[in-house]
Amino acid sequence: ELKVEQNPLFLSMQEGKNYTIYCNYSTTSDRLYWYRQDPGKSLESLFVLLSNGAVKQEGRLMASLDTKARLSTLHITAAVHDLSATYFCAVDRDSGYALNFGKGTSLLVTP
Amino acid sequence: ETGVTQSPTHLIKTRGQQVTLRCSSQSGHNTVSWYQQALGQGPQFIFQYYREEENGRGNFPPRFSGLQFPNYSSELNVNALELDDSALYLCASSLDTFYGYTFGSGTRLTVV
């Protein structure tokens, strides 16, 4: 069974600070996805990482993938309040099959 | 606008009843998946359809069933509702998983 673990599960950080969210998964996969979810809302796609060493950046968020270590990171640079949300990583086990999600990281950015 | 629409937005049902949730995917998106998200949890895969055929199923009982139609719409049916079925139900469609999945806004189901 594919397991996806995120840490931390809860993160409170001050505006302007940097932090990294980690996503570990238990079996070989070349595809990893990051999503954002605001309270009561659906999932917004942030990044699709398709190969080892992939790095993508959008604004204050940067995601990377190390398939050998089975690890993805989501780095937050100079956090702002608008980034407060829950962030999920998900692994596509069989390239087009189901997404297996982590439990999510609830991020709160405070002044 | 996500391009994937779900209806209804909210629904309250009584234990033992049956419910049908609907999803309209983007044109050309041959793959549609359904997920259940309990409060405070990550989404859990229910099943996936590709070109109107089920091609994958998660750890959900047979009372969870689905259909996909040629017009890129799909349904999730749940029979004999239980209190634990209360959750946000999300559908997701994909043209090609190279581009990722687009999620709908979800249906919040409450079973009382």
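Chain letters run A, B, ... following the sequence lines, proteins first and then strands; every chain starts at 1. Computation of the quantities below employed the complete heavy-atom set of this structure, encompassing side-chain atoms and omitting hydrogens, waters and symmetry-equivalent molecules.
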Hey, can you pull the donor-acceptor pairs under 3.5 Å for the side chains in residues 98-105 of chain A, sequence neighbours left out?
unit_1, atom_1, unit_2, atom_2, d
A:T105, OG1, A:Q6, NE2, 3.2
A:T105, OG1, A:P8, O, 2.6

- prompt: With chain A, which of B:G106, B:P43, B:G42, B:A92 has the greatest number of heavy-atom pairs at distances under 4.5 Å?
  reply: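 With the most close heavy-atom pairs to chain A, the winner is B:P43.
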
Proximity breakdown for B:Q37 and chain A, heavy-atom pairs closer than 4.5 Å: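 Interface part for B:Q37: side chain.
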
task: Please flag which part of A:Q37 lies under 4.5 Å from any non-hydrogen atom of chain B: side chain, backbone, both or neither.
output: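 When you check distances to chain B, only side chain atoms of A:Q37 fall under 4.5 Å.
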
- request: Against chain B, label A:F47 side chain, backbone, both or neither, depending on which of its atoms sit under 4.5 Å from a heavy atom there.
  value: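 When you check distances to chain B, no heavy atom of A:F47 falls under 4.5 Å.
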
field: Straight-line distance of A:Y19 OH to A:S12 OG, nearest 0.5 Å
entry: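 It is 10.5 Å, given to the nearest 0.5 Å.
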
task: Please confirm whether B:F103 and B:Y101 have ring centers closer than 6.0 angstrom.
output: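 Distance test on ring centres: not under 6.0 Å, no.
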
field: For the student: nearest non-hydrogen atoms of A:L61 and A:L46, plus distance
entry: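 Between these two residues, the closest heavy atoms are CD1-CD1, 4.1 Å.
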
